[in-house]
Number of protein chains: 2
Amino acid sequence: MKISEVSEQSGLSVDTLRYYEKIGLLPPVNRTDSGIRNFDELDLRRVNFIKCMRAAGLPIEVLIEYYALVQQGDETIEARKQILQKQRAQLVTKMAEMQETLDLLNHKIQVYENAVLKKEQELTD
Amino acid sequence: MKISEVSEQSGLSVDTLRYYEKIGLLPPVNRTDSGIRNFDELDLRRVNFIKCMRAAGLPIEVLIEYYALVQQGDETIEARKQILQKQRAQLVTKMAEMQETLDLLNHKIQVYENAVLKKEQELTD
DNA sequence: TTACCACCTGGAGTTGGCTCCAAGTCAAGG
DNA sequence: CCTTGACTTGGAGCCAACTCCAGGTGGTAA
């Protein structure tokens, strides 16, 4: 699978995919004879996992660290679990904050809606 | 209220507060005779609103635009409402993405937990 | 065979949002 | 009086995460 196809499928830009490989977030992807990247199924899954984690705001650094541990085999399972647990906790916190913001936005919007209604009423009074 | 107190109360750094005023996200705050900022109740509320919105990822630009409309009075109520609605929609989308990520994290952590259990079991076999 | 297009590279530039610094002013306490 | 500490300013620096660019290669199609 060519980089443009991976880009299309994942929603990450071609530049971002190359950037991820350059900094080691993606492993060196296999190439054709002429040097063109040829993403395989495993690469694909990794790209999508990364995309999901990044969308939720997990730092690239953390993901690199995580994959470094994956690389090192089974003894690192506990460490990996702990990384994920920590990120999960942070995610939960962030979602709670966002829920608060959402409530506040809903409230404000409601206030504006009432203001509009009141204005209309004044016009027809 | 002095800037350090506002900082403490809001959790935003002193530098950030001054930065927000500099870029026009906060209005020019009243000063004492010797030029020291003296935040009033209204400033306080604005700071806390901004903090909440920023924590949820609303861009500074949008907030500046919003307050510019507030400044212009009642004719802009509809426009303000639309800004908030748009941001709310984006927030809802983002929260849904984060929920997906959370589910995935939970799943992965579960897999690791099982792996640990299995390993322990092998040891006692 | 030449024109085009997608790919490649290293490296520079951009964006958003702070964060820090140097140099200066003031009010209060010892 | 003088030192200390919190405040002031303009501007520079920093960080994460891209994003763009110039210059080059290689396969396909008119």
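Numbers restart at 1 for each chain; the letters A, B, ... are given by sequence-line order, proteins then strands.
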Checklist entry - According to a strict under-4.0 Å criterion, is B:Arg37 in side-chain N/O contact with OP1 or OP2 of D:dT8? => result yes
Item to check | For atom OH of A:Tyr19 and atom C1' of C:dG13, their distance in whole Å | outcome: 14 Å
Checklist entry - What is the distance, rounded to the nearest whole Å, between atom CG of B:Leu17 and atom C1' of C:dG17? => result 14 Å
Next on the checklist: We want to know whether A:Arg31 and A:Asn38 form a side-chain donor-acceptor pair, criterion being a heavy-atom distance below 3.5 angstrom.
Outcome noted: no
Checklist entry - Atom CZ of B:Phe39 to atom C1' of D:dC7: distance rounded to whole Å? => result 12 Å
Next on the checklist: What's the closest nucleotide to the side chain of A:Ile3 if the choices are C:dC7, D:dC18, D:dT8?
Outcome noted: C:dC7
Checklist entry - With sugar-phosphate meaning primed atoms plus P, OP1 and OP2, does B:Ile23 contact a base, only sugar-phosphate, or nothing at under 4.0 Å between heavy atoms? => result nothing
Next on the checklist: Side-chain heavy atoms nearer than 4.5 Å, only ILVMFWY residues, links allowed to pass through others: does that put A:Phe39 and A:Ile36 together?
Outcome noted: no
Checklist entry - When the distance from CD of A:Glu8 to P of C:dA6 is rounded to whole Å, what number comes out? => result 12 Å
Checklist entry - What's the CZ-P distance between B:Arg54 and C:dT19, to the nearest Å? => result 11 Å
Checklist outcome for this item: Against the side chain of B:Ser13, the closest entry in D:dC18, C:dT9, C:dT19 is C:dT19
Next on the checklist: Angle between ring planes, B:Tyr67 versus B:Phe49, binned at 30° and 60°: parallel, tilted or perpendicular?
Outcome noted: perpendicular
Next on the checklist: From C-beta outward on B:Ile36, which listed nucleotide comes closest to its side chain: D:dC7, C:dC7, C:dT19?
Outcome noted: D:dC7
Next on the checklist: Output the rounded distance in Å from CG (A:Leu25) to C1' (D:dC18).
Outcome noted: 13 Å
Next on the checklist: Once you apply a heavy-atom cut-off of 4.0 Å, does B:Lys2 come out as touching a base, just sugar-phosphate, or nothing?
Outcome noted: sugar-phosphate
Next on the checklist: Counting C-beta onward and ignoring hydrogens, is there a side-chain heavy-atom pair between A:Arg37 and A:Lys2 closer than 4.5 Å?
Outcome noted: no
Item to check | Modelled atom types, side-chain donor and acceptor of B:Asn106 and B:Gln110, under 3.5 Å | outcome: no
Checklist entry - Whole Å only: how far is the NZ atom of A:Lys22 from the P atom of C:dC8? => result 12 Å
Checklist entry - For B:Tyr20 and C:dC18, is the shortest distance between a side-chain N/O and OP1 or OP2 below 4.0 Å? => result yes
Checklist entry - Taking atom C1' of C:dT25 as reference, at what distance in whole Å does atom CG of B:Asp33 sit? => result 14 Å
Checklist entry - Starting at the 5' end of DNA chain C and moving along, which residue's nearest nucleotide shows up first, B:Ser34 or A:Glu21? => result A:Glu21
Next on the checklist: Nearest to the side chain of B:Ser4, heavy atoms from C-beta on, is which of D:dC7, C:dA6, C:dC18?
Outcome noted: D:dC7
Checklist entry - So which nucleotide from C:dG11, D:dT19, D:dG11 ends up closest to the side chain of A:Asp15? => result D:dT19
Checklist entry - With a non-hydrogen cut-off below 4.0 angstrom, is A:Arg18 in contact with a base, only sugar-phosphate, or nothing? => result base
